[in-house]
Protein chains: 2
Amino acid sequence: MSELQARRDAQTRAELSAAAIGLFSERGFAETTMADVAAAAGVSRRTAYRHYGNKEDLIFEHPRRWIEVFRRVVAGREESESTKKVCCRGVLEVAATIEATKAEVLPGYGVVAATPSLRARYARTNRDWLDTYFELIAADLPPDDAPAMLRASVLAGALVGGTDRAVIQWFLQPDASLVAMTKVALGLVDPLWPAASKVPSYELRRDAVDTAR
Amino acid sequence: MSELQARRDAQTRAELSAAAIGLFSERGFAETTMADVAAAAGVSRRTAYRHYGNKEDLIFEHPRRWIEVFRRVVAGREESESTKKVCCRGVLEVAATIEATKAEVLPGYGVVAATPSLRARYARTNRDWLDTYFELIAADLPPDDAPAMLRASVLAGALVGGTDRAVIQWFLQPDASLVAMTKVALGLVDPLWPAASKVPSYELRRDAVDTAR
DNA sequence: GTAGATTTGGCACCCCGTGCCTTTTGTGGC
DNA sequence: GCCACAAAAGGCACGGGGTGCCAAATCTAC
C-alpha cells in the first residue's frame, strides 16, 4: 500500500469512527445501524465493514492501541530491567498516552458507559489486559508451577483492577491526573510483587484458612 | 407456574443446554445454528429463545449461578462478620459448588476454551465478578474517597485473577482440588486486605500448596 | 493512455434476535 | 366429562449484523 493510500485509509477510518461516536451518543448504539454510520462517513456499508470488522470495534480503537503501547514497552526492555520495573513503566506510559488523547477518548467512553452491550464488550479489553499482564509476569516462571501461576494471576488481576478504576475515576473527573492516579494504583499493588527473586515460602496454614470462614 | 410446569421447564432447559454443548463441541459454535440446537432438543427455535435469551447463554448457565451463590452468601451474613471473612467464605463456597457440579461443568468449559467468541463472552463473567467483589468491598467506604475506591478495586481485581486462574488450572487438571487451589489464591490475595479487618492471616504452607496441584 | 492491480460498491445470503399472532396444551369450575 | 380461560409453544415475518462474490471504479506503473 502506497503512502498516499495509507493516509486515505487512515482518513476514512477516522471519519467512520467520528461518525459512529457522534451517532451513537446522539441516538444510541442499538438505534444506529451500520448503514447509518457508513452513510455519515460517505462510504458504503460494505466498505465500512472492511475498515472495522464489526460495529462495536468502531469505538474500541483506542483501547486496542493502548495494549499495543504496553506491549511495545515490554518488547523493548533492556535485559537488566526487572519485570516489575518494565511493567510499571508500561502502565504509566499507557496512562500518559490515554491522558494525551483525552479529547478523542472521552466521548467514546461516554458512549460505552451508557450502553450495556458495549460495557460487556469493554469487559473483553479488561480480559486482554489480564492476559497481557499475566504473560509478562509469568514469562520467567515454570508453567507447571501452579502456585507461581496463581501468584502471577493475582498480581495481574490486581493491576487490571487498579488501572481500570483509575481510568474510571479519571473519566468521572477528567481534570484529575490519570498518571498520578495510576501511580497510586501501582503503589497499592506493590505488596504483591515478589521480593526480588525471593520466590519462596508462601506457606499456608490450614487452620488459618479455616478461621476465615 | 405450577410445580409440574416448573419441572417441565427445567427439563427442556436441561435438554437445550445438553444439546447445545453436544453440538457445539462436535461441530463448533459458529457452525451450529440455533435451529439445530432447538431441533436436537425437540422444540422450536422460538421456544428455545424463550428459555435462553441468546445462543451464548446456552453454555453460561453455571457461571451465572455461581455469582448468585456468592451474592446469597453475602446477603446472608451476620452483622458481626467482617467483609473479608464473608468474602472468603463466599469464594470458597463457590469453589465447592463448582467442584460439586464438575461433570456438568467441564464439557461446557471445553467448548468455551475452544471458541474465541465464547472466550470473549466469558470475559464478561470476569467483569461481573470484578463488579461483585467491588460492590461488597466498597460497600462501607465513602464513594468519593478515590484512594479507597482504588484500593477496593485492586483487591477485587486480585480476587478475580486468583479465582479465575484456580478454575483454569482445575480445568486442566480436574483431579486436583479446586477448593484447595482457591484457598491458596485467597492466601496470596491476603496482603491486600486492609489491616483493620484483622483476621488471622492466611499463611501458606508448602504441603498445602503441593496438595493443591 | 493502456494494462494490471487494488480498492470500493452493490447484491445476495445466512442467521441471530424479536414482535405478533395462532395453535396447542394445561388448569380450574361445574 | 365438558367448557372457559390462562399459559406455553409454534409459526411467521421482519430488521439488522456480518460475509462471500462479482462488477465497477480508482489507483499505479510502464
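Every chain is numbered from 1, with letters handed out A, B, ... down the list of sequences. Computation of the quantities below employed the complete heavy-atom set of this structure, encompassing side-chain atoms and omitting hydrogens, waters and symmetry-equivalent molecules.
Per the geometry, CZ belonging to A/F29 stands 8 Å off P belonging to D/dG17, to the nearest Å. At whole-Å resolution of the value, CD in B/Q5 and P in C/dT24 are 18 Å apart. Atom-to-atom, CG of B/L16 to C1' of D/dA9 comes out at 12 Å; the value is rounded to the nearest Å. Atoms CZ (B/R8) and C1' (C/dT24) sit 13 Å apart, rounded to a whole Å. Put simply, CZ on A/F24 is 12 Å from C1' on D/dG17, counting in whole angstrom units. For the pair A/L58 CG and D/dG18 C1', the interatomic distance rounds to 13 Å; values are reported in whole Å. When rounded to the nearest whole Å, the span between CE of A/M34 and C1' of D/dG18 equals 9 Å. C/dG17 atom C1' lies 12 Å from atom CD of B/E56, rounded to whole Å.
Across all strands, B/T32 comes closer than 4.0 Å only to sugar-phosphate atoms, never to a base (heavy-atom distances).
Between B/R13 and B/D9 there is no salt bridge, since none of the side-chain N atoms of the basic residue sits less than 4.0 Å from a carboxylate O of the acidic one. Using a cut-off of 4.0 Å between Lys/Arg side-chain N and Asp/Glu carboxylate O, A/E81 and A/R89 are scored as salt-bridged. Contact check on B/R127 versus A/D164 returns a salt bridge, with a Lys/Arg side-chain nitrogen under 4.0 Å from an Asp/Glu carboxylate oxygen.
For the pair B/H51 and D/dA9, the criterion of a side-chain N or O lying under 4.0 Å from OP1 or OP2 is met. OP1 or OP2 of C/dC14 has not a single side-chain nitrogen or oxygen of B/T33 nearer than 4.0 Å.
The number of heavy atoms from other shown groups lying within 6.0 Å of CD (B/E31) is above 12.
Side chains of B/Q169 and B/Q173: a donor-acceptor N/O pair is absent below 3.5 angstrom, by distance only.
Outside the 6.0 Å centre-distance limit, the rings of B/F70 and B/W66 are not counted as a close aromatic pair.
With contacts defined as side-chain heavy-atom distances shorter than 4.5 Å, the pair B/D57/B/R64 qualifies.
Listed nucleotides C/dG17, D/dG17, C/dC15 differ in distance to B/N54; the shortest reach to its side chain belongs to C/dG17.
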Across nucleotides 10-15 of chain D, 5' to 3', mark each nucleotide with B, S or - according to how protein heavy atoms within less than 4.0 Å reach it. BBBB--
